[in-house]
Number of protein chains: 2
Amino acid sequence: MNSIVSMLRERGIQPTPQRMAVAEFIFGIKSHLSADQVLEQVRSKCPTISRATVYNTLNLLVEKKLLKAQVLKEGTVVFDSNVQQHHHFIDEETGEIYDIPWEALRVTGEKSLRNFRVRELQVILRGKRIKK
Amino acid sequence: MNSIVSMLRERGIQPTPQRMAVAEFIFGIKSHLSADQVLEQVRSKCPTISRATVYNTLNLLVEKKLLKAQVLKEGTVVFDSNVQQHHHFIDEETGEIYDIPWEALRVTGEKSLRNFRVRELQVILRGKRIKK
DNA sequence: TCTATATTTAGACATTGTCAAACATTTTTC
DNA sequence: GAAAAATGTTTGACAATGTCTAAATATAGA
């Protein structure tokens, strides 16, 4: 039985062909893509899908906590299939986004902030990725 | 002598009336506004200024390090007249952005990241601002 | 002043995102 | 089981953000 079908059904999402095409694509990659980049890729499997449906589906998956929308790039939201807490590194030359494991960094002091109830936090690092 | 005029001249920026209007406005507020919000406000002082000039001027001030462009809001860059290192808190209900002083938080571990040369970092906190 | 350079402008264009209406599906009623 | 109603899904058209160009305007230097 297709695991993505049950994943969607568990959250009360009807697995229409369009939604399946989007979900199968986005859960099959690790990169951080914009909605239009997802559209472009999904169209190769499902050429008639509309832009609005891709946007609707991605936002629905975010609402159902299967996906996370991240504000990391200028001008566009990117979608992250990693919904665990983690940080991000952005290569300033290429724009490429890399996940940094939660355990790699430690942030302290947010508990002492008066006037702010912190629900989540992340560190955004910028610099140059070093080719190994 | 007007301090903004000398500030611009020091960086080799000709202080035209349009640039002065943008600079006086943006350096006189603490909020984080988008280019179109700046346009709207500046037009009340200088009604004939064009959208392109506001975009050009803001980007020029960023290039000359008098302003920092921040990717904090979906869909638009915001401009921050605080160019010192600091963190940001975003109220998830209102979208309001608050500066968090650099000293309020401590981040450790970024020196040990293999494969990444970190040039700058900031913590992005999200939650609810508590009315005092 | 004349000339070269710098700046501003309106509008065209590209990209990202939203919305109301059209369309399809499921449920209810008989 | 068919028709009607309610619900859910998809779509094209539209709005907002940002960049670019070419023409007009302003400024600085000889």
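Below, read A as the first sequence line, B as the second, and so on, with proteins coming before strands; counting in each chain starts at 1.
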Please report, rounded to the nearest Å, how far the [atom2] atom of [N] is from the [atom1] atom of [X].
{"X": "B:Ile13", "N": "C:dT7", "atom1": "CD1", "atom2": "P", "answer": "10 Å"}
{"X": "B:Met20", "N": "C:dT8", "atom1": "CE", "atom2": "P", "answer": "12 Å"}
{"X": "B:Arg19", "N": "D:dT25", "atom1": "CZ", "atom2": "C1'", "answer": "14 Å"}
{"X": "B:Glu63", "N": "D:dT19", "atom1": "CD", "atom2": "P", "answer": "13 Å"}
{"X": "B:Gln18", "N": "C:dA10", "atom1": "CD", "atom2": "C1'", "answer": "14 Å"}
{"X": "A:Ile49", "N": "D:dT9", "atom1": "CD1", "atom2": "C1'", "answer": "11 Å"}
{"X": "B:Asp36", "N": "D:dA15", "atom1": "CG", "atom2": "P", "answer": "15 Å"}
{"X": "B:Leu33", "N": "D:dG18", "atom1": "CG", "atom2": "P", "answer": "12 Å"}

Open item on the list: Nearest to the side chain of A:Thr16, heavy atoms from C-beta on, is which of C:dT7, D:dG18, D:dT9?
Closed with: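 Given the options C:dT7, D:dG18, D:dT9, the side chain of A:Thr16 is closest to D:dT9.
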
Open item on the list: Starting the side chain at C-beta, find the nucleotide from D:dT10, C:dG17, D:dG18 nearest to B:Ala35.
Closed with: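 Nearest to the side-chain atoms of B:Ala35, counting from C-beta on, is D:dG18.
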
Task: Any B:Thr76 side-chain nitrogen or oxygen under 4.0 Å from OP1 or OP2 of D:dG18 - done: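 Checking B:Thr76 against D:dG18: at least one side-chain N or O falls below 4.0 Å of OP1 or OP2.
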
Has the side chain of [X] got a donor or acceptor atom that lies under 3.5 Å from a matching backbone atom of [Y]?
{"X": "B:Ser31", "Y": "B:Leu33", "answer": "no"}
{"X": "A:Gln37", "Y": "A:Ser34", "answer": "yes"}
{"X": "B:Thr57", "Y": "B:Val54", "answer": "no"}

Open item on the list: Taking the nucleotide of DNA chain C with the nearest heavy atom to each, does A:Gln14 or B:Thr48 sit closer to the 5' end?
Closed with: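 Nearest nucleotide further toward 5': that of B:Thr48.
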
Open item on the list: Heavy atoms within less than 4.0 Å of DNA chain D: which residues of residues 51-58 of chain B have one? Give them sorted by number.
Closed with: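 B:Arg51, B:Ala52, B:Tyr55, in order of number.
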
TODO: Count the heavy atoms of every other residue, nucleotide or ligand shown that sit under 6.0 Å from CD of A:Glu74, and state whether that count exceeds 12.
DONE: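 Atom CD in A:Glu74 is not packed in, count stays at 12 or less.
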
Task: CD/B:Glu120: more than 12 non-hydrogen atoms of other groups inside 6.0 Å - done: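 Atom CD in B:Glu120 is packed in, count exceeds 12.
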
Task: Pair B:Thr53-B:Arg19, side chain to side chain contact (heavy atoms under 4.5 Å, CB included): steps then yes or no - done: CA-CA 8 Å; B:Thr53 295; B:Arg19 286 172 176 168; 5.8 Å; no

- [ ] Name the orientation class of the two ring planes belonging to B:Tyr98 and B:Phe89 (parallel below 30°, tilted from 30 to 60°, perpendicular beyond 60°).
- [x]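 Because their plane-to-plane angle lies in the 30° to 60° range, the rings of B:Tyr98 and B:Phe89 count as tilted.
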
